Amino acid sequence: MSKPVQYVGGELNASLKEWNDTAVRWALMYPDAYEVGLPNQGVMILYELLNEMDDVLAERTYAVWPDLEALMREAGVPQFTVDGHRPVIDFDVLGVSFSTELGYTNLLAALDLSGIPLHAADRDERHPIVLAGGHASFNPEPIADFIDAAVLGDGEEAVLEITEIIRAHKEEGSPGGREELLLRLAETGGVYVPRFYAVDYLPDGRIQRVVPTDPRVPYRVFKRTTMDLDAWPYPKKPLVPLAETVHERASVEIFRGCTRGCRFCQAGMITRPVRERSIEGIGAIVQQSLAATGYNEVGLLSLSSADHSEIADVTKGLADRYEGTGTGLSLPSTRVDAFNVDLANEISRNGRRSGLTFAPEGGSERIRKVINKMVSEEDLIRTVSTAYANGWRQVKLYFMCGLPTETDEDVLQIGRMAREVIKTGREAAGHKDIRCTISIGGFVPKPHTPFQWAAQCHPDVVDDRLRKLRAEVGADRKMSRAIGMRYHDGKPSLIEGLLSRGDRRVGRVIERVWRNGGRFDGWSEHFSYDRWVDAAAEELTPLGVSLDWFTTRERERTEVLPWDHLDSGLDKEWLWADWEDALNSEEQDDCRWTPCFDCGVCPSMGTDIEVGPTGKTLIPIAPVSVGSPITNPALAG
């Protein structure tokens with residue numbers, strides 16, 4: 001069995017409560033391997049938040065590798081939590097956080113291993129409520145048959161409200177059983193329960209309408225938005241893994257939401273409005289996290305961290321506070337036009353100068369206008385040459401292939417841009433010892449974005465363009481040695497496209513893939529394109545639709561989309577207007593700094609954009625020694 005330590009539990013800051021002392025019990029699952037799932041901020045926050053309540057228990061479970069799954073089936077061992085090694089079937093709720101749709105087969109594997117019926121319709125009072133969350137839950141229709149409920153948006157307040165509903169129902173003696181509990185969740189308007197919605201189809205395969213089947217259930221389900229991040233300072237005590245994981249650092253989310261308006265970016269669209277954590281709030285979480293974990297790196301997380309209105313003060317304050325401690329800062333996501341050398345110097349002051357990462361996303365000026373990524377080539381070249389001149393030697397650039405209206409020329413421009421980066425970088429640095437890595441992923445149209453109507457590019461076209469790009473990069477031998485190229489073929493992207501924009505009919509494809517051995521589809525060594533294509537042909541053809549129908553077909557304005565009854569706050573007419581702007585290569589400003597352009601989020605959610613500056617600064621804490629506030633937060637003022 002590979003890496004058995006990942007199933008042991010007992011990590012630093014893990015929580016283990018007495019089962020019989022609690023009224024409501026949650027099993028929280030990240031449907032991927034431990035090394036990917038443990039650092040997940042969303043699960044970590046909910047785990048800590050729930051366990052702070054005296055009569056509530058939360059434990060964690062992750063997808064088990066195929067080798068252990070085989071052993072568990074052989075020995076009759078059910079899916080269990082890593083904290084108490086308790087069977088998942090014994091909990092009141094199985095909460096599953098989906099960052100990507102490619103985790104769906106792992107959900108089915110976990111349900112089956114748990115002894116929980118695969119289909120929600122077959123479950124009764126003995127089984128937990130299977131609750132989906134995370135970004136993929138904004139269109140949970142492909143897994144509607146397998147989940148009991150879904151929560152859209154932020155989880156902090158939602159899990160507390162769900163806990164109260166379950167507690168009250170149990171205290172009353174569970175009147176009406178599972179059906180009544182699900183109705184109570186659904187009638188809040190903030191929990192989507194698929195079984196209470198009927199879907200009718202037109203003869204050509206499109207959806208005719210989605211309607212509630214019970215008068216207690218609303219027509220639309222709204223997303224949850226946690227407005228005051230300072231009121232939710234989690235995680236205070238991050239989990240420290242026993243096995244190696246993808247991120248080993250203390251992380252603090254410095255703001256949520258993004259109004260840059262990149263048309264391909266579902267995360268930016270569904271997390272609006274912008275809500276910033278204050279400089280003092282950031283400082284407090286960093287201090288607590290370092291004291292509780294012993295990490296020597298802090299990640300400042302958000303969709304575009306350098307867009308925090310006080311980022312300069314935040315980074316300088318933290319660099320000052322931890323100078324001499326060996327504590328490094330990292331800014332995982334930085335936009336070219338928000339970057340400056342002062343910021344980079346503060347980030348690297350106490351740590352190592354690793355590479356810088358930027359995401360122009362499109363190779364040509366034209367395609368960047370289409371996707372609303374307002375970064376000029378001059379900006380990019382100027383930024384990276386300044387970085388090289390100041391001692392950085394490595395720059396990584398992220399791009400996408402298969403974008404709407406894209407041509408071969410748009411993609412070939414990526415290679416020319418990389419050569420220009422190396423050329424100007426060598427001039428700025430005064431030597432040739434620099435590198436540029438270009439990383440290219442396939443574009444997947446996502447729900448609740450202006451590209452939700454777009455035709456997805458076929459993998460054959462994507463792969464052909466990537467071949468041409470590789471030839472373009474290698475054309476200049478003197479330059480090509482300094483340019484690294486990483487890319488993913490277009491096939492996994494097409495399947496992700498099926499799952500992201502599919503409706504309930506896609507559920508039978510997921511089930512067939514799982515029954516045919518599909519697991520860990522986000523991992524290239526486990527993913528099988530043919531398995532998905534074959535399952536789609538077998539399951540969808542009798543229904544009059546197909547893999548291409550769900551992916552490479554452009555939608556019309558009037559089409560009812562599978563997620564139209566799930567309210568992200570964005571006005572559908574505004575999204576359509578932005579789609580038309582994309583086709584006309586027209587850019588859209590960032591509404592944080594310009595007048596409102598009526599995307600719909602603020603009025604529909606009763607919220608508003610929240611930004612600084614607060615005018616506050618972080619107070620330096622020194623000296624660092626045993627008993628200092630850095631090592632003992634109880635001493636901090």
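Keep in mind that what you see is a predicted model, and the values were worked out from it rather than measured.
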Using the six-membered ring wherever Trp is involved, compare the ring planes of Phe520 and His526 and label them parallel, tilted or perpendicular (cut-offs 30° and 60°).
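Plane angle between 30° and 60°, so tilted.
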Sole residue of Arg123, Arg184, Arg195 in salt bridge (charged side-chain N to carboxylate O under 4.0 Å, His left out) with Glu179
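Of Arg123, Arg184, Arg195, salt bridge (charged side-chain N to carboxylate O under 4.0 Å, His left out) with Glu179 is met by Arg195 alone.
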Among side-chain atoms of [X] and [Y], is any donor-acceptor pair under 3.5 angstrom?
X      : Y      : value
Thr226 : Glu156 : yes
Arg366 : Thr407 : no
Trp65  : Glu69  : no
Tyr30  : Ser99  : yes
Thr61  : Gln79  : yes
Tyr529 : Arg531 : no

So, using salt bridge (charged side-chain N to carboxylate O under 4.0 Å, His left out) as the criterion, who are the partners of Asp578 when residues are at least two apart?
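Applying salt bridge (charged side-chain N to carboxylate O under 4.0 Å, His left out) to Asp578 gives Arg263.
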Would Tyr62 and Asp32 count as a side-chain contact (heavy atoms from CB on, under 4.5 Å) if you check the C-alpha gap in whole Å, the side-chain angles of each, and the deciding distance to 0.1 Å?
CA-CA 6 Å; Tyr62 305 100; Asp32 207 326; over 6 Å; no
Side chain to side chain donor-acceptor pair (under 3.5 Å) involving Trp563 - partner list, sequence neighbours excluded
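Scan of Trp563 (side chain to side chain donor-acceptor pair (under 3.5 Å), adjacent residues dropped) gives Gln452.
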So which of Phe138, Phe222, Phe196, Tyr197 actually passes ring-ring contact (aromatic ring centres under 6.0 Å, His included) with His565?
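Exactly one option meets the ring-ring contact (aromatic ring centres under 6.0 Å, His included) with His565, and it is Tyr197.
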Take Arg224 and Glu161, measure what salt bridge (charged side-chain N to carboxylate O under 4.0 Å, His left out) needs, and give me the verdict at the end.
CA-CA 11 Å; Arg224 307 302 303 250; Glu161 289 175 20; 2.9 Å; yes
Pair Phe399 + Tyr487: ring centers closer than 6.0 Å:
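No, ring centres 6.0 Å or more apart.
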Tyr104 and Phe146 aromatic centres sub-6.0 Å
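They do not qualify: ring centres at least 6.0 Å apart.
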Arg60 to Tyr47 six-membered ring, cation-pi geometry met (6.0 Å, 45°)
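Flagged: Arg60 positioned over aromatic ring of Tyr47.
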